[in-house]
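Working notes for the structure below.
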Amino acid sequence: MEIKPYRGGVSDIEARELRYFVAVAEELNFSRAADRLGIAQPPLSKAVRRLEEKLGVRLLERTTRRVALTPAGTVLLRHGQSALEAISAAAQRAVRAGMEQIELVVAVKAGSGVDLLKRILGVYREGTGVPPAKVVVSGWGGPAALLRNGKADTALIRTPFDGRGLELEPLSTEPRYAVLAADHPLASRTRLRRADLADDPKPCWAGADPVTNAYWHGLDPESLATEWPDLSDPATAPEGPQVQDITQLLEVVALGQAVAFLPASLTERYSRSDVVYRPVSDLSPSTVAVAWPAGSRDRAVAAFVRSALAVVSAEPERRLSRVL
């Protein structure tokens, strides 16, 4: 397809056009993208072609069998997703700012960071002139998403997470332990290395991206940077069953279907007779951070961040190990 010049310019790109392109780029299929957007396919194809003319570059390679992103399309997809998130967040925050009752919305993932959050909120509420805080408990990847779409002002986030468009301050670090069935051949060991578990399947978190699953499989860059002379290649281990929460993860481990890695605080919270927890020498730690939208100048957010830092500063022994 020949890209014809358009009289408009890059600054004339509309949010609708960008939304249409992102849908096609994510689906790599015009029919599925049209269904997702609730429109017919011809106007969708026309809108994408018009966008290419505005930019003067080809965004998609189209054949009768497939749709693929060009290098320019890959760049626009990445930045376009962020731009659409920013537009949505601006609208959401404007709506919230117009409400009679102003609140600080704090997001946290279920089962992670709740005890620390309680201590931070205790300090925050002692502040002068701060709005009331409302806590939103979300699922996997929820806190970061809520910050980006404007539905939350700040959040407690545990690594790994998508930090696009966010600023953060680390609060605490703790080791991760291996989770084994009580009758696992290595259950009697007091300390392990990742290589010891290289051939064991690792569960995959439902909906998690490859980077996140790599972290929970002990294949993140920080873990891999710690090399031991006898370290085998853990990437050869088969994938284990898919799990959606900690309870399900512990069940598949207890049944011998996989081994897993969990932060130390969670191993204390989920004590069971049919699983054992063992420290791993060459495994990256788990970090909890307070996060907020990049560029935020909200005074309540600043007060919450100060409260979080005050809590961990007053508990140095917790900051370095098990704070939750």
Side-chain angles (χ1 to χ4, degrees), residues 81-82 84-93 95-96 102-125 130-174 176 205-216 220 243-249 262-263 265-266 269 284-298 300-309 311-312 319 322-324:
Q81 289 169 324
S82 298
L84 291 175
E85 287 174 344
I87 292 171
S88 175
Q92 183 67 39
R93 292 191 179 100
V95 170
R96 289 178 49 211
I102 303 297
E103 297 176 316
L104 175 75
V105 179
V106 184
V108 65
K109 179 180 175 294
S112 178
V114 175
D115 292 340
L116 176 60
L117 178 58
K118 289 180 180 178
R119 297 197 295 275
I120 295 172
L121 288 175
V123 175
Y124 169 80
R125 288 167 178 151
V130 296
K134 174 185 176 181
V135 177
V136 176
V137 181
S138 65
W140 186 270
L146 290 171
L147 288 179
R148 279 194 292 271
N149 65 25
K151 294 182 180 180
D153 303 299
T154 185
L156 290 189
I157 302 181
R158 182 185 289 277
T159 52
F161 57 85
D162 183 355
R164 290 181 297 112
L166 305 180
E167 296 181 39
L168 59 92
E169 184 71 34
L171 297 178
S172 62
T173 300
E174 61 179 325
R176 287 191 289 158
W205 287 94
D209 57 80
V211 172
T212 298
N213 269 322
Y215 176 85
W216 292 111
D220 53 298
V243 298
Q244 296 182 341
D245 53 42
I246 297 295
T247 301
Q248 190 177 4
L249 178 144
L262 288 179
S265 58
L266 293 184
R269 186 173 302 164
S284 65
S286 174
T287 298
V288 173
V290 57
W292 62 95
S296 173
R297 297 295 180 267
D298 189 281
V301 171
F304 183 86
V305 174
R306 287 195 300 270
S307 299
L309 294 175
V311 167
V312 296
R319 180 185 176 91
R322 303 177 184 180
V323 302
L324 304 179

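Predicted model, so just to flag it, every value in this text is computed and none were measured. For the single chain, residues carry numbers from 1 onward in sequence order.
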How many angstroms lie between atom NZ of Lys151 and atom OG of Ser88, to the nearest 0.5 angstrom?
7.0 Å
Side chain to side chain contact (heavy atoms under 4.5 Å, CB included) between Trp292 and Leu166, worked out
CA-CA 6 Å; Trp292 62 95; Leu166 305 180; over 6 Å; no
So CH2 of Trp205 and OG1 of Thr212: to nearest 0.5 Å the spacing works out to 11.0 Å
Is the backbone of Ala303 close enough, under 3.5 Å, to the side chain of Ser307 for a donor and an acceptor to pair up by distance?
yes
Looking only at heavy atoms, what is the nearest atom pair of Leu147 and Ala155, with distance?
CD1-CB, 3.9 Å
Between Asp153 (side chain) and Val105 (backbone), is there a donor-acceptor pair under 3.5 Å?
yes
How many angstroms lie between CG in Asn149 and CG in Leu84, if you round to the nearest 0.5 Å?
12.5 Å
Between Asp220 and Arg176, does at least one N-O distance fall below 4.0 Å, as a salt bridge requires?
yes
Arg269 vs Asp115, test: salt bridge (Lys or Arg N to Asp or Glu O under 4.0 Å). Steps then yes/no.
CA-CA 11 Å; Arg269 186 173 302 164; Asp115 292 340; 3.8 Å; yes
Leu104 and Tyr124, any side-chain heavy atoms less than 4.5 Å apart
yes
Could you tell me which non-hydrogen atom of Pro285 sits nearest to which non-hydrogen atom of Thr159, and how far apart they are?
O-OG1, 4.3 Å
Please examine the side chains of Ile246 and Leu262, heavy atoms only from C-beta on, and report whether any two atoms are closer than 4.5 Å.
yes
Min side-chain heavy-atom separation Val290-Leu168 under 4.5 Å
no
Check: Thr173 main-chain N/O paired with Thr287 side-chain donor or acceptor under 3.5 Å:
no
Tell me if a side-chain donor or acceptor on Arg297 pairs with a main-chain N or O of Gly295 at a distance below 3.5 Å.
yes
Give a yes or no on whether the backbone of Arg164 and the side-chain of Arg148 come within a donor-acceptor separation of less than 3.5 Å.
yes
Supply the atom-to-atom distance Arg158 CZ to Lys109 NZ, rounded to the nearest 0.5 angstrom.
8.5 Å
With Val106, which of Val136, Thr154, Val137 fulfils side-chain contact (heavy atoms from CB on, under 4.5 Å)?
Thr154
So do Leu171 and Leu116 actually touch side chain to side chain, heavy atoms under 4.5 Å?
yes
Using a distance-only test with no angle check, is there a side-chain donor-acceptor pair under 3.5 angstrom linking Glu174 and Ser286?
no
Non-hydrogen atoms of Ala107 and Pro143 that approach each other most closely:
CB-CA, 3.9 Å
Run Glu169 and Leu309 through side chain to side chain contact (heavy atoms under 4.5 Å, CB included) and show every step you take.
CA-CA 8 Å; Glu169 184 71 34; Leu309 294 175; 3.4 Å; yes
